[in-house]
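Protein chains get the first letters and strands the later ones, always in sequence-line order, with residue 1 at the start of each.
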Number of protein chains: 2
Amino acid sequence: MKRLSSKSGCAVEVTLSVMGGTWKPIILFHLMHGPKRFGELGRLISGITQRMLTLQLRELEDAGIVLRTVYAQVPPRVDYALTPLGHSLQPVLVALRDWGNNYARSQGQESGVSADGHTDHTDIEKKCL
Amino acid sequence: MKRLSSKSGCAVEVTLSVMGGTWKPIILFHLMHGPKRFGELGRLISGITQRMLTLQLRELEDAGIVLRTVYAQVPPRVDYALTPLGHSLQPVLVALRDWGNNYARSQGQESGVSADGHTDHTDIEKKCL
DNA sequence: CGGCATCCATCGTGATACTG
DNA sequence: CAGTATCACGATGGATGCCG
């Protein structure tokens with residue numbers, strides 16, 4: 001993600017550069033439920049490579065979204081948890097998820113879609129992975 | 001942006017595949033204010049190439065987000081307008097913009113901003129919605 | 001266990017030129 | 001005006017191996 005440049009200065013871009021992409025939203029979703037260990041996340045997120053998980057977590061950490069806690073013990077243990085700033089992303093993720101569900105439904109039945117953005121509020125917990 | 005639901009089935013992914021990326025949010029933002037011609041969008045969106053504008057508009061059209069209207073006349077004239085489904089994205093864009101503004105402000109107060117070094121916060125407010 | 005380093009294939013995107 | 005075609009390059013991400 002390297003779009004913070006003089007492209008547009010658009011706030012939407014800022015948000016997407018922080019939590020957009022293939023893996024970050026999924027990681028954040030899992031962390032919404034509480035702190036997770038590295039291997040735990042790797043097992044929860046099907047298809048992600050160790051490399052990608054590391055890189056994405058680092059970016060989230062640098063952005064101040066997640067907090068990385070290393071326990072000096074054997075075997076090593078590292079916890080990842082959301083910061084308050086990270087938790088503040090929940091409404092955004094919910095909006096994205098709701099629209100996605102609505103879109104999937106409209107594509108599925110090919111019927112008209114109301115412009116009022118109405119969606120059922122299925123909970124955030126079970127809809128992702 | 002071609003990570004359709006096959007990846008994880010996550011609704012957030014679906015939404016981001018439809019309206020995420022560098023240009024689509026900005027295009028959608030401009031179309032929120034009403035239909036625009038191709039060249040009009042090109043002039044409004046600073047930095048975009050003709051190629052990218054075409055590609056992104058095609059993807060939005062295929063997703064059912066924008067409607068492309070070609071007028072058989074000389075010189076050629078093509079209008080792009082949001083469909084009802086496209087208008088339903090407004091809350092999502094607003095959520096993304098609001099969080100981005102909040103994030104930019106919190107980062108701006110502390111230390112150097114992001115990996116950019118040259119962030120114009122001035123444009124943020126007006127350029128998006 | 002939880003990484004990081006390296007190599008390499010693919011993708012996204014800009015630049016440029018051409019067209020109905 | 002509103003595209004399309006082609007080339008090139010850097011970023012993205014997978015596979016693998018090594019380390020504390």
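Judged by closest nucleotide on DNA chain C, A:Val78 is the one of B:Leu55 and A:Val78 placed further toward the 5' end.
Using a 4.0 Å cut-off, no side-chain N or O of A:Thr49 falls inside it from OP1 or OP2 of D:dG13. Proximity of B:Thr54 to the phosphate of D:dA2: no side-chain N or O atom is located under 4.0 Å from OP1 or OP2. An OP1 or OP2 oxygen of D:dG3 is reached within less than 4.0 angstrom by a side-chain nitrogen or oxygen of B:Arg58. Between D:dC1 and B:Arg37, no contact under 4.0 Å exists linking OP1 or OP2 to a side-chain N or O. Taking 4.0 angstrom as the limit, B:Tyr80 places none of its side-chain polar atoms (N or O) nearer than this to OP1 or OP2 of D:dC1.
For the pair A:Lys36 NZ and C:dC1 P, the interatomic distance rounds to 18 Å; values are reported in whole Å. Put simply, CZ on B:Phe38 is 9 Å from C1' on D:dC1, counting in whole angstrom units. C:dC1 atom P lies 10 Å from atom CD of A:Gln50, rounded to whole Å. For the pair A:Glu61 CD and C:dG2 P, the computed distance is 15 Å after rounding to whole Å. Per the geometry, CH2 belonging to B:Trp23 stands 10 Å off C1' belonging to C:dT13, to the nearest Å. The CD1-C1' distance, from A:Ile45 to D:dG13, rounds to 15 Å in whole Å. The nearest whole Å value for the distance from the CZ atom in A:Arg68 to the P atom in C:dC1 is 16 Å. Between A:Ile48 atom CD1 and D:dT12 atom P there is a gap of 15 Å when expressed in whole angstrom units.
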**Study point:** Residue pair B:Leu93, B:Met19: steps toward the side-chain contact (heavy atoms from CB on, under 4.5 Å) verdict
**Key:** CA-CA 9 Å; B:Leu93 287 168; B:Met19 50 68 67; 3.7 Å; yes
Check your understanding: Does the pair A:His33 and A:Phe29 meet the rule for a ring pair (Phe, Tyr, Trp, His ring centres under 6.0 Å), with working shown?
Key -> CA-CA 7 Å; A:His33 308 148; A:Phe29 258 117; 7.5 Å; no
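Checking D:dG3, D:dC1, C:dG3 against the side-chain heavy atoms of B:Pro76 singles out D:dC1 as nearest. For A:Met52, the listed nucleotide lying nearest its side chain is D:dG14; candidates were D:dG3, D:dG14, C:dT13. For B:Pro75, whose side chain is taken as the heavy atoms from C-beta onward, the closest listed nucleotide among D:dG3, D:dC1, C:dG14 is D:dC1.
Side-chain contact between A:Glu13 and B:Thr22 is present, with at least one heavy-atom pair separated by less than 4.5 Å. Residues A:Asp62 and A:Glu59 have side chains not in contact (no heavy-atom distance under 4.5 Å, counting atoms from C-beta outward).
Heavy atoms of A:Arg51 sit under 4.0 angstrom from at least one base atom. In this structure, A:Tyr71 reaches neither bases nor backbone, as no heavy-atom distance under 4.0 Å exists between it and the strands shown.
No single ILVMFWY cluster, assembled from side-chain heavy atoms under 4.5 Å apart, contains both B:Val74 and B:Tyr71.
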